[in-house]
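See below for the structure under consideration.
Chain letters run A, B, ... following the sequence lines, proteins first and then strands; every chain starts at 1.
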Amino acid sequence: MTQYTARLTGAVPFNLQETFECGQCFRWLPGDDGSYTGVVGRNVITLRTDGDDLLVAGLDQAEAEQRLIPYLALDEDYAAIQEQFRRNTQLAQAVDYARGIRVLRQDRWEALCSFIISQNNNIKRIRGIVETLCNTWGEPLPGGRSSFPGPEVLASLTEEDLQPLRSGFRAKYILDAARKTASGEVDLDHVASLPTEEAAAELCRIRGVGIKVAHCALLYGFHRIECLPVDVWMKRVMSTMYPQGLPEELLPYAGIAQQYLFHYSRSHPELFEA
DNA sequence: CGCCAGGTATGAT
DNA sequence: ATCATACATGGC
């Protein structure tokens, strides 16, 4: 029986399933009662909806507010963002399909590393590889979960060491990212201070990080909500819905628009045929 | 079995 | 600059 120890009030709009299963994160698992359990830093956290509130297990009230309000983007004005999005007919459909999506503020390194693994891969297998990565090199946490291993831990490994991960050609990319990040050759704090375009260029110095992975890392790990990752699904969306590109007034929130569109297109593949 | 997956690096036009 | 292809592995 889960003991909920904190409550976040007024989490609207917010939906756990839509937020955790829309493809932005890979480590939140559904319970049998509508709850979700995941790892934030060194904490195993369970969340459950109670009306307009979120019940939190794994943190006390002060920690929950301090850590989860930013993590869950509860400080972002989604009412205003959605109101803007609804003025666009195409986007309105996607928003109405999953009104409870929020783009999370994840850990920078975790987002970068996870989306390196994501390239030319399917989400089911990404989840498996990330979980194995954590269980093998992260620190054990309650409930059989593990922390996401820091770059300094992975930096000392070899491709051979990573073989059990079954990450294929991405292994060398993971190691290059770990080494450059751990050494400060690519300094994520510095990246965070750069203008978006320069930040992306800096991340692209890592082997296996191209513009799409860089934009994912920036959007999900640095909360640069103007970043628009374009993968195979978004290519279909853009060509069928926005052949002229996203309307200019949406560009400041392109990353969030992308999240609704990405989720909608994956759920309605027939609408976006080649 | 064959095609595809939240792409990128590399080498050829 | 733009375009094709290889890349590891496994889901479906």
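For A:Arg207, whose side chain is taken as the heavy atoms from C-beta onward, the closest listed nucleotide among B:dG7, B:dT10, C:dC12 is B:dT10. Distance from the side chain of A:Gln258 is smallest for B:dG6 among the nucleotides B:dG6, C:dC12, B:dA5. The side chain of A:Arg236 lies closest to B:dA5 when the candidates are B:dA5, B:dG7, C:dG10. Of the candidates C:dT9, B:dA9, B:dG6, the closest approach to any side-chain atom of A:Met234 belongs to B:dG6. Here B:dG7 is the nucleotide among B:dA5, C:dG11, B:dG7 with the atom lying nearest to any side-chain atom of A:Lys212.
Here A:Ile211 lies in heavy-atom contact (under 4.0 Å) with sugar-phosphate atoms only. Base engagement by A:Gly23 is indicated by at least one non-hydrogen atom pair under 4.0 Å involving a base atom. Among the atoms of the strands shown, only primed sugar atoms or phosphate atoms (P, OP1, OP2) are found under 4.0 Å from some heavy atom of A:Lys172. Using a 4.0 Å heavy-atom cutoff across all strands shown, A:Phe26 reaches no nucleic acid atom at all.
Salt bridge annotation for A:Asp53-A:Arg7: present, with a cationic side-chain nitrogen under 4.0 angstrom from a carboxylate oxygen.
At whole-Å resolution of the value, CZ in A:Arg266 and C1' in B:dC4 are 12 Å apart. Taking atom CG of residue A:Asn121 and atom P of nucleotide B:dC4, one finds them 16 Å apart after rounding to whole Å. For the pair A:Ile174 CD1 and C:dT9 P, the interatomic distance rounds to 12 Å; values are reported in whole Å. In this structure, A:Gln119 places its CD atom 20 Å from P of C:dT5, rounding to the nearest Å. Put simply, CG on A:Leu112 is 16 Å from P on B:dG7, counting in whole angstrom units. The interatomic distance linking A:Leu162 (CG) with C:dA8 (C1') rounds to 13 Å, in whole Å. Here the C1' atom of nucleotide C:dG10 and the CZ atom of A:Phe169 are 12 Å apart, to the nearest Å. Look at CZ on A:Arg205: it is 14 Å from P on B:dA9, rounded to the nearest Å.
Screening A:Gln93, A:Gln82, A:Glu18 against A:Tyr260 for a side-chain hydrogen bond (donor to acceptor under 3.5 Å, both in side chains) leaves a single residue, A:Gln82.
Across C:dA4 and B:dG6, the matching P atoms stand 23 Å from one another, rounded to whole Å. Rounded to the nearest Å, the gap between the C1' atom of C:dT5 and that of B:dC4 is 16 Å. On the P atoms, C:dA8 is 14 Å away from B:dG11, given to the nearest whole Å.
Stacking annotation: A:Phe115 is not stacked on the base of B:dG6 (requires ring centroids less than 5.5 angstrom apart and an interplanar angle below 30 degrees).
Map A:Val230 and A:Gly208 each onto its nearest nucleotide of DNA chain B; the residue landing nearer the 5' end is A:Val230. Residue A:Ser118 is the one, among A:Ser118 and A:Ile206, whose nearest nucleotide of DNA chain B lies closer to the 5' end (criterion: closest heavy atom).
Between A:Tyr264 and A:His268, the ring planes are tilted. Angles from 30° to 60° get that label.
Not a single donor-acceptor pair, N or O on each side, falls under 3.5 Å between the base of B:dG7 and the side chain of A:Tyr173. Taking 3.5 Å as the limit, the base of C:dT9 and the side chain of A:Arg125 contain a donor-acceptor pair of atoms between them. With hydrogens and angles ignored, a donor-acceptor pair under 3.5 angstrom links the side chain of A:Asn120 to the base of C:dA8.
For A:Ser118 and A:Asn121, the side-chain atoms include no donor-acceptor pair closer than 3.5 Å.
Looking only at side-chain heavy atoms (C-beta outward), A:Leu72 and A:Arg102 stay at 4.5 Å or farther from each other. Inter-residue side-chain proximity for A:Phe20 and A:Cys25 is flagged as met; some heavy-atom pair is nearer than 4.5 Å.
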